[in-house]
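Counting from 1, the numbers follow the sequence of the chain as shown. Quick caveat, the model's predicted, so the values are computed rather than measured.
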Amino acid sequence: MALLQILRYPDPRLHTVAKPVASVDARIQTLITDMLQTMYEAKGIGLAATQIDVHERLIVMDVSEERDQPLILINPQLVWTSAETHLNEEGCLSVPGIYDGVERFDAVTVSALDGKGVARVVQAQDLLAVCIQHEMDHLMGKVFVEYLSPLKRNRIKKKMQKAQREEAQ
């Protein structure tokens with residue numbers, strides 16, 4: 001197990017569109033384990049492979065209170081979305097300390113492979129639905145701040161760049 005480095009916005013690698021996972025092999029199994037450890041250590045509820053500079057369609061998440069119900073989605077595809085949406089307060093491990101409202105579907109259905117490569121369908125609502133949509137955006141090269149106004153996005157970008165400069169000193 002290894003902790004992985006999470007890319008921070010505005011790193012251009014966060015805008016890379018992920019390619020499908022070709023096979024669920026030992027490399028992917030190790031990556032899943034490392035991503036879960038990284039997500040739990042960072043106190044997150046979801047992590048997409050794009051965020052750790054691996055551009056394959058892999059998401060790990062755990063929205064449980066006890067942090068003991070990991071959900072793995074490999075090559076996820078949205079197959080249904082509810083007509084209803086609402087504004088959700090979102091944050092992101094790639095944009096630490098920043099939270100803002102993003103309009104998301106209330107419920108979604110996703111088809112994907114699980115961590116063993118078995119096809120499954122996940123019906124999600126509430127926080128899990130939001131998390132799935134947020135992480136799937138990462139696989140498409142989109143960070144949640146891109147839903148915000150250009151003014152807010154530029155302020156966040158400058159704040160993140162300043163924090164990274166200060167960390168480097």
Side-chain angles (χ1 to χ4, degrees), residues 1-9 11-86 88-96 102-147:
M1 296 214 299
L3 285 178
L4 307 168
Q5 182 174 350
I6 299 171
L7 299 177
R8 293 223 188 132
Y9 182 79
D11 191 308
R13 294 171 290 181
L14 288 168
H15 299 294
T16 305
V17 175
K19 301 206 174 349
V21 171
S23 68
V24 182
D25 54 17
R27 179 184 66 85
I28 293 295
Q29 296 288 336
T30 300
L31 184 59
I32 289 167
T33 301
D34 292 347
M35 285 176 65
L36 282 167
Q37 181 184 4
T38 301
M39 177 191 73
Y40 288 132
E41 184 72 23
K43 309 275 190 277
I45 61 170
L47 184 66
T50 301
Q51 293 176 270
I52 50 136
D53 201 23
V54 174
H55 303 287
E56 294 180 78
R57 294 184 58 78
L58 169 61
I59 296 168
V60 301
M61 56 189 97
D62 188 342
V63 298
S64 68
E65 288 288 322
E66 300 77 25
R67 314 291 287 141
D68 63 354
Q69 295 174 37
L71 176 63
I72 314 304
L73 298 177
I74 299 171
N75 299 333
Q77 298 289 327
L78 269 180
V79 294
W80 177 83
T81 58
S82 64
E84 302 79 25
T85 63
H86 68 277
N88 300 280
E89 186 81 359
E90 291 188 27
C92 180
L93 294 176
S94 291
V95 195
V102 177
E103 191 83 16
R104 299 282 188 191
F105 296 108
D106 288 350
V108 297
T109 301
V110 179
S111 67
L113 300 177
D114 67 13
K116 294 178 175 54
V118 177
R120 65 179 299 181
V121 173
V122 176
Q123 295 178 322
Q125 56 192 21
D126 304 322
L127 181 58
L128 181 58
V130 170
C131 188
I132 287 171
Q133 292 170 81
H134 177 107
E135 299 307 333
M136 285 184 71
D137 275 354
H138 279 300
L139 299 180
M140 297 307 297
K142 190 167 188 174
V143 181
F144 89 98
V145 297
E146 294 172 51
Y147 288 101

> Given M136 and Q77, is the side chain to side chain contact (heavy atoms under 4.5 Å, CB included) satisfied, shown in steps?
Replying inline: CA-CA 9 Å; M136 285 184 71; Q77 298 289 327; 5.6 Å; no

>> Checking E66 now: which residues fulfil side-chain contact (heavy atoms from CB on, under 4.5 Å) with it, not counting sequence neighbours?
In response: S64, D68, Q69

> CD1/I74 to CG/L58 distance, rounded to the nearest 0.5 angstrom?
Replying inline: 5.5 Å

>> Other residues, nucleotides and ligands only: do more than 12 of their heavy atoms fall within 6.0 Å of CD on E65?
In response: no

> Measuring from D114:CG to I72:CD1, what's the distance to the nearest 0.5 Å?
Replying inline: 8.5 Å

>> Do the side chains of D11 and R13 get close enough for a salt bridge, i.e. N-O under 4.0 angstrom?
In response: yes

>> Evaluate S94 against Q51 for side chain to side chain donor-acceptor pair (under 3.5 Å), listing each step before the verdict.
In response: CA-CA 7 Å; S94 291; Q51 293 176 270; 3.0 Å; yes

>> Looking at R104 and D126, is there a salt bridge between them, counting it only when a charged N and a carboxylate O are closer than 4.0 Å?
In response: no

> side-chain contact (heavy atoms from CB on, under 4.5 Å) with R67: which residues, sequence neighbours excluded?
Replying inline: M39, Y40, I45, D62

> Between the side chain of R57 and the main-chain N/O of P76, is any donor-acceptor distance below 3.5 Å?
Replying inline: yes

>> Testing the basics here: between S111 and V79, what is the closest heavy-atom pair and its distance to 0.1 Å?
In response: OG-CG1, 3.8 Å

> Among E146, M140, K142, whose side-chain contact (heavy atoms from CB on, under 4.5 Å) with H15 holds?
Replying inline: E146

>> Looking at R27 and E56, is there a salt bridge between them, counting it only when a charged N and a carboxylate O are closer than 4.0 Å?
In response: yes

>> Checking the side chain of Q37 only, and the main-chain atoms of T33 only, is there a donor and an acceptor separated by less than 3.5 Å?
In response: no

>> Tell me whether the rings of F144 and H134 are parallel (<30°), tilted (30 to 60°) or perpendicular (>60°).
In response: tilted

>> What I want to check is whether the side chains of T85 and E103 have a donor and an acceptor closer together than 3.5 Å.
In response: yes

> What's the shortest heavy-atom distance between A124 and I132, and which atoms?
Replying inline: CB-CD1, 3.7 Å

